[in-house]
Amino acid sequence: MGVELNSGSSRKLYIRTFGCQMNEYDSLRVRRLLAARGYVVVDDIGRADVVFLNTCSVRGKAEQKVYSFLGSLRRFKESKPNLKIITGGCVAQQLGEKLLDRFDHLDMVIGTRAVNSVGQLLQQALESGGRLACLPEEEKPDSQSGGPGEAEINQSPGAVTAPVTIMQGCDNYCSYCIVPYVRGPERSRPAAQILEEVRALEACGVSEVLLLGQNVNSYGKGLEQSITFDELLKRIEAQTGIARIRFTTSHPRDLTDELMLCFARMDSLCKHLHLPVQAGSDRVLARMNRGYTVAGYVEKIRRLRTICPEIGLSSDVIVGFPGETVEDFKKTMELLDEVRFDNLFSFCYSDRPNTRAAAFADKVEKGEAARRLLELQALQADISAGKNLAEVGSIREVLVEGPSRASNGQMTGRTTHNRIVNFQAPLSSKGQIVGVKIACAYSHSLKGDIVAK
Ligand code: SAM
Ligand code: SF4
């Protein structure tokens with residue numbers, strides 16, 4: 001959440017974002033589009049005239065969180081009848097009008113391709129006093145950006161790093177995943193638009209951009225002017241002055257040698273790759289429809305580490321996928337031991353509506369899946385701790401993002417390898433890249449001392 005831009009009679013907007021970085025980006029878009037209509041963002045929901053919930057339904061747990069938050073708003077709406085409650089994001093797209101039926105205090109449901117219309121739709125609801133659901137097949141162009149010299153700037157005020165969506169949707173249809181159903185087919189944004197946005201962010205003081213897409217490696221498909229993802233990266237480096245570029249997420253099947261070489265050749269590209277493997281068993285990967293084998297994945301990691309030995313690696317794993325045997329799970333554990341990721345995001349499988357895996361009969365019992373998850377997370381905790389410990393004594397370049405969350409007077413930032421580092425430094429160092437000598441390692445972060453350049 002951001003700060004209040006001004007006070008007084010302007011209408012107050014409270015935004016709550018559930019789920020992933022793509023949703024964070026959409027929330028920034030909503031914030032910008034409604035700011036143009038005079039709304040200011042508040043951190044205190046009690047002061048809001050409009051509540052916008054940007055929802056996620058990638059996993060069952062995320063969806064349940066949305067329902068319980070929506071339910072908790074009933075009383076609030078009773079005490080403030082003029083309050084408008086809007087639900088956007090994947091749950092909105094998935095359920096549409098059914099969400100209005102289920103929560104009679106909800107005013108608007110906005111599909112994933114209606115974000116650009118949020119201002120007009122809110123105006124319509126305010127004027128009519130009615131409730132509405134808008135789920136278009138295609139997104140209308142954004143009326144507040146794309147004009148000559150007017151780039152979209154979706155950024156939290158004063159942020160050092162900013163997300164930039166380079167593509168929407170996904171065509172991969174992994175058998176467990178709801179994304180293609182709620183985000184639609186893959187669409188890439190033209191390179192010129194992306195470059196314009198990066199330059200605009202740079203002009204606002206942003207030092208690092210995070211390029212977002214469900215499968216950035218296949219960026220460029222279907223664009224009039226053909227371009228690949230590695231070419232886009234090179235253009236951003238050549239045609240903007242942005243200090244650092246990151247991206248997520250990459251699909252292992254589409255990771256090319258050209259992209260791997262960028263890690264060695266491009267100064268501004270951060271040396272970190274998030275490459276979700278999902279499982280360590282070929283049988284499970286095939287049923288997931290991932291389009292690669294364990295050996296193929298490991299070979300790509302080997303090549304990448306040959307090209308860029310210091311690359312930081314993270315991944316996603318699902319445990320308890322339908323039909324996953326103890327043997328399959330053992331193979332996932334062996335894969336973690338072999339690859340030794342720096343960081344891992346791991347989840348218990350959950351059924352998602354319409355997906356093929358939801359119809360698979362051989363479900364793993366929930367308690368057993370939870371047990372496997374704990375075992376896997378314990379192994380990864382050891383690996384991550386060992387990797388962090390190996391950093392002690394090294395000097396790393398850190399982009400200072402701002403005061404650390406612990407608010408103990410320390411600043412926080414990230415190394416090029418995506419490791420979080422906390423250190424004592426003045427507030428004025430925000431936005432700078434400083435040298436930090438690593439003194440201590442913790443499970444998820446490092447601590448160090450600034451060194452003179
Ligand atoms: N596009 C990315 C990819 O291909 O890996 C990530 C998409 S998804 C938003 C993020 C992660 O959620 C996935 O990598 C997967 O590990 C997890 N996930 C997706 N569907 C899931 C499900 N039904 N149950 C459990 N985890 C799931
Ligand atoms: Fe979902 Fe697979 Fe697309 Fe990732 S690549 S968003 S996991 S369908």
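Just follow the structure's listing: the first ligand is 1, and inside any ligand the first atom is 1. Just so it is clear, the structure is predicted and the values come from calculations on it, not from any experiment.
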Salt bridge or not for [X] and [Y], using N-O below 4.0 Å?
| X | Y | value |
| --- | --- | --- |
| Lys234 | Glu231 | no |
| Glu391 | Lys387 | no |
| Arg287 | Asp362 | yes |

Indicate every side-chain donor-acceptor pair of residues 199-208 with a distance under 3.5 Å to a residue at least two apart or in another chain.
| residue | atom | partner | partner atom | Å |
| --- | --- | --- | --- | --- |
| Arg199 | NE | Gln239 | O | 3.1 |
| Glu202 | OE1 | Gly241 | N | 2.9 |
| Glu202 | OE2 | Gly241 | N | 3.3 |
| Ser207 | OG | Gly431 | O | 3.4 |
| Glu208 | OE1 | Arg246 | NE | 3.4 |
| Glu208 | OE2 | Arg246 | NE | 3.2 |

task = Show your working on salt bridge (Lys or Arg N to Asp or Glu O under 4.0 Å) between Arg183 and Asp26 and close with a plain yes or no.
result = CA-CA 12 Å; Arg183 293 274 165 185; Asp26 280 348; 3.0 Å; yes
request  = Please report the number of protein N, O or S atoms that lie less than 2.8 Å from atom 3 (Fe) of ligand 2.
outcome  =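 Counting protein N, O and S atoms closer than 2.8 Å to atom 3 (Fe) of ligand 2 gives 1.
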inquiry  = Students often mix this up, so state it plainly: with edges at 30° and 60°, are the rings of Phe103 and Tyr67 parallel, tilted or perpendicular?
reply    =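 Geometry flag for Tyr67 against Phe103: parallel rings.
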key: Phe247 and Phe229 aromatic ring geometry - parallel, tilted or perpendicular at 30°/60° bounds   = perpendicular
ask   = Counting each atom of ligand 2 from 1 as listed, which ones have a heavy atom of Arg290 under 4.0 Å away?
value = 2 (Fe), 7 (S)
inquiry  = Using 0.5 Å steps for rounding, measure from the CG atom of Leu336 to the CD atom of Gln377.
reply    = 10.5 Å
task = Considering only non-hydrogen protein atoms, determine which one is nearest to atom 7 (S) of ligand 2 and report residue, atom name and distance to 0.1 Å.
result = Tyr176 OH, 3.4 Å
request  = Would you please name every residue forming a side chain to side chain donor-acceptor pair (under 3.5 Å) with Ser384, sequence neighbours left out?
outcome  =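 Once residues adjacent in sequence are excluded, the partners of Ser384 under the side chain to side chain donor-acceptor pair (under 3.5 Å) criterion are Gln380.
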task = Report all protein residues having a heavy-atom distance below 4.0 Å to some atom of ligand 1; order the list by chain, then number.
result =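 If the criterion is a heavy atom under 4.0 Å, then ligand 1 touches Val58, Arg59, Tyr176, Gln214, Thr249, Pro276, Gln278, Arg290, Asp316, Ile318, Phe347, Cys348, Tyr349, Ser350, Arg352.
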ask   = Can Tyr39 and Arg37 be counted as having a side-chain donor-acceptor contact under 3.5 angstrom?
value =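 No, because no side-chain N or O of Tyr39 sits under 3.5 Å from a partner of the opposite role on Arg37.
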